[in-house]
2 protein chains.
Amino acid sequence: MFGRLLKQLERRDRVSEEERLLVERLPVTRRSFQNGQELVQEGSRPGESCLVISGFTARAQLMRDGKRQFTAVHIPGDFVDLHALMLKIMDHSVVALGPCEAAFIPHASLIALIESAPHLGRLFWLSTVIDAAIQRSWITNLGRRSPSQHIAHLVCELYLRLEVVGLVEGPSFNFSATQTEVADMVGLSLVHVNRTIQELRAEQLLSWRNGTITINDFNRLVSYADFDATYLSLNKEPR
Amino acid sequence: MFGRLLKQLERRDRVSEEERLLVERLPVTRRSFQNGQELVQEGSRPGESCLVISGFTARAQLMRDGKRQFTAVHIPGDFVDLHALMLKIMDHSVVALGPCEAAFIPHASLIALIESAPHLGRLFWLSTVIDAAIQRSWITNLGRRSPSQHIAHLVCELYLRLEVVGLVEGPSFNFSATQTEVADMVGLSLVHVNRTIQELRAEQLLSWRNGTITINDFNRLVSYADFDATYLSLNKEPR
DNA sequence: CGGCAAATTGACACATCTCAAAGCCTGTGG
DNA sequence: CCACAGGCTTTGAGATGTGTCAATTTGCCG
């Protein structure tokens, strides 16, 4: 249940055996969701925080006129809703992109864990701070990268993040989002996203069919997208 | 020195006298910066975190081709660089928007403080999580709001944040950014920002001259921008 | 008064959106 | 095994939005 979360933590710092046990003993409720269902609702006051076990989820914000924007994508092992622990009232919802499973942990257990194991607490803090760093890179993508660079950048990000949790197979990985959903990630219209992906295919930068993305030459994609992995904090060191 | 930071914390939760003293006794180095100078550099490994005392700063990311995007604006009392405490390597720089002063605090002192006062530690965590919430709203601004709604939204945000730290006078506040800088906040060209601000003025939604913004009718601006203050976590409650 | 940074304007090229239709793929029922 | 429905992807065409370039105006400071 916590395997992929621990992989992510261990990628960034040493996790002691004792800390691992503390995490694994957290009381959890496991729930399954269908495409489009909300794991967490905008405006709600969650009493527990959720962790993605399988499948993809996204943070979503809705506007009065019905327009939607995703502000983050979350993958298995992401402790998505740790933010709620401090925020209390949700500023966004978390929705399933395709079928997914999540584990819910009561806030009280998390607070107790953090007070008894401060270093683990800092690793949870780190996780929310990495979310913030990813969001900053999305802002730069939206503001200053061309649509094709933007999508290329997103693909680089997903590739590296999925690699950490063991969900990349060679040059390929699974990513079930529809083009309508990608449009809500990159702030463009569906039609334009479609044309942009075709452009990337034509440039041989990637292939994207039936929910599978394949990257022929990762370095070329990185260079095309002006991608710099620093923001993912993939370095292991004392935190 | 810590007055405005404490105002921000007290707006979100009770801060005990003891906690207040712990904060005020933190060892600090105070430094002044000119317009455009970097308080923190992208790619660096800061050994201390900074707090804005006076003036405005922004988080900036640069692209190879020289394009710049601001991913956040910070005001007096913001503990801007708390992120560095967990990130270790900076994914962005922090630059001065006009003259400003900042206090720098060694990471070791912060870690010690957090371990001895976990509740204060959570309030610092909260501060980074609010930064993330603000960044999410910027993503939605960039992706799904029109330029005029975007700028109106930004103004609403600044108004409420500055009010918390006592920097609003009636319907007006000071905001020294140039239109070139605003362009890098909203991801548009300078020319387009200029025309958009003129549009807002023509609609009587705000006036913006010589670094002073005046809002005639805040509710109308809120409604125009589709602004919802939830993401600023302005509610006082146990965290 | 002269000089400089910031704000403003105009004209034109190009990017992106919207609307509407067609094509493609998959699962289901007959 | 085939026909069909529904969701997703792809295409075309015209309307708008936004960027760029280059010039002008404004406001402040020495």
Side-chain angles (χ1 to χ4, degrees), chain A residues 34-37 56 58 63 65-70 95-99 140-152 174-203 206-214, chain B residues 34-37 56 58 63 65-70 95-99 141-152 155 174-203 206-214:
Chain A
Q34 297 302 312
N35 188 10
Q37 280 191 305
F56 293 92
M63 296 185 40
D65 62 7
K67 286 204 279 271
R68 177 176 68 167
Q69 176 72 40
F70 290 134
V95 306
L97 300 178
T140 301
N141 280 343
L142 281 156
R144 295 299 184 210
R145 270 184 255 265
S146 69
S148 58
Q149 279 187 306
H150 187 163
I151 292 181
N174 214 274
F175 186 58
S176 53
T178 64
Q179 293 186 0
T180 301
E181 288 162 340
V182 174
D184 285 337
M185 294 172 198
V186 299
L188 296 171
S189 67
L190 162 63
V191 172
H192 206 65
V193 163
N194 181 280
R195 289 178 173 137
T196 303
I197 291 176
Q198 287 180 54
E199 199 182 317
L200 291 170
R201 285 200 277 246
E203 297 279 349
L206 49 81
S207 101
W208 187 337
R209 295 265 175 218
N210 304 321
T212 300
I213 298 178
T214 303
Chain B
Q34 297 303 312
N35 187 10
Q37 280 192 303
F56 294 92
M63 296 185 42
D65 62 8
K67 286 204 278 271
R68 178 175 68 168
Q69 176 71 40
F70 290 134
V95 306
L97 299 177
N141 280 343
L142 281 156
R144 296 299 183 211
R145 270 185 255 264
S146 69
S148 58
Q149 279 187 305
H150 187 163
I151 292 180
V155 170
N174 212 277
F175 186 57
S176 54
T178 64
Q179 293 186 359
T180 301
E181 288 163 341
V182 174
D184 285 337
M185 294 172 196
V186 299
L188 296 170
S189 67
L190 162 63
V191 172
H192 206 66
V193 163
N194 181 281
R195 290 180 171 136
T196 304
I197 291 176
Q198 288 180 54
E199 199 182 317
L200 292 170
R201 284 199 279 244
E203 297 279 349
L206 51 80
S207 101
W208 187 337
R209 295 267 176 214
N210 305 321
T212 299
I213 298 178
T214 303

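We name chains A, B, ... by the order of the sequence lines, and we start the count at 1 in each one. The basis for the numbers below is simple: all heavy atoms, side chains too, and nothing from hydrogens, waters or symmetry mates.
- Rounded to whole Å, the distance from CG on A:Leu190 to P on C:dT18 is 10 Å.
- Distance, A:Ile151 CD1 to C:dT16 C1': 13 Å, rounded to whole Å.
- The distance from atom CD of B:Gln179 to atom C1' of D:dT18 is 16 Å, rounded to the nearest whole Å.
- Look at NE2 on B:His192: it is 16 Å from P on C:dA15, rounded to the nearest Å.
- Here the side chain of B:Gln34 pairs no donor or acceptor atom with the backbone of B:Gly98 at under 3.5 angstrom.
- Taking every side-chain heavy atom of B:Val191 into account, C:dT9 is the closest of C:dT9, C:dT8, C:dT18.
- Not one side-chain nitrogen or oxygen of A:Asn194 sits closer than 4.0 Å to the OP1 or OP2 atom of D:dT9.
- Residue A:Arg195 has its side chain nearest to C:dC17 when only C:dT8, C:dC17, D:dT9 are considered.
- Rounded to a whole Å, the CD atom of B:Glu181 is 14 Å from the P atom of C:dA5.
- At distances below 3.5 Å, at least one donor-acceptor pair connects side-chain atoms of B:Arg144 with backbone N or O atoms of A:Leu188.
- Put simply, B:Arg209 has no side-chain N or O that comes within less than 4.0 Å of OP1 or OP2 on D:dC28.
- Rounded to the nearest 0.5 angstrom, A:Gln198 CD and A:Asn194 CG are separated by 4.5 Å.
- Using a 4.0 Å heavy-atom distance criterion, A:Ser189 is classed as a base contact.
- Between atom CD of residue B:Gln179 and atom CD1 of residue B:Ile151 there is a gap of 8.5 Å, rounded to the nearest 0.5 Å.
- Rounding to whole angstrom units, CG of residue B:Asn210 and P of D:dG27 are separated by 8 Å.
- As rounded to whole Å, 18 Å separates atom P of D:dG6 from atom CG of A:Asn35.
- Comparing A:Trp208 and A:Arg144, the nucleotide of DNA chain D nearest to each residue sits closer to the 5' end for A:Trp208.
- No donor-acceptor distance shorter than 3.5 angstrom exists from the side chain of A:Arg145 to the backbone of A:Thr140, with no hydrogens or angles considered.
- Atom-to-atom, CG of B:Leu188 to P of D:dT20 comes out at 11 Å; the value is rounded to the nearest Å.
- B:Gln198 has a side-chain polar atom (N or O) that falls below the 4.0 Å cut-off from OP1 or OP2 of C:dT9.
- Mapped onto DNA chain C by nearest heavy atom, B:Ile197 and A:Gly187 fall at different nucleotides, with B:Ile197 at the one closer to the 5' end.
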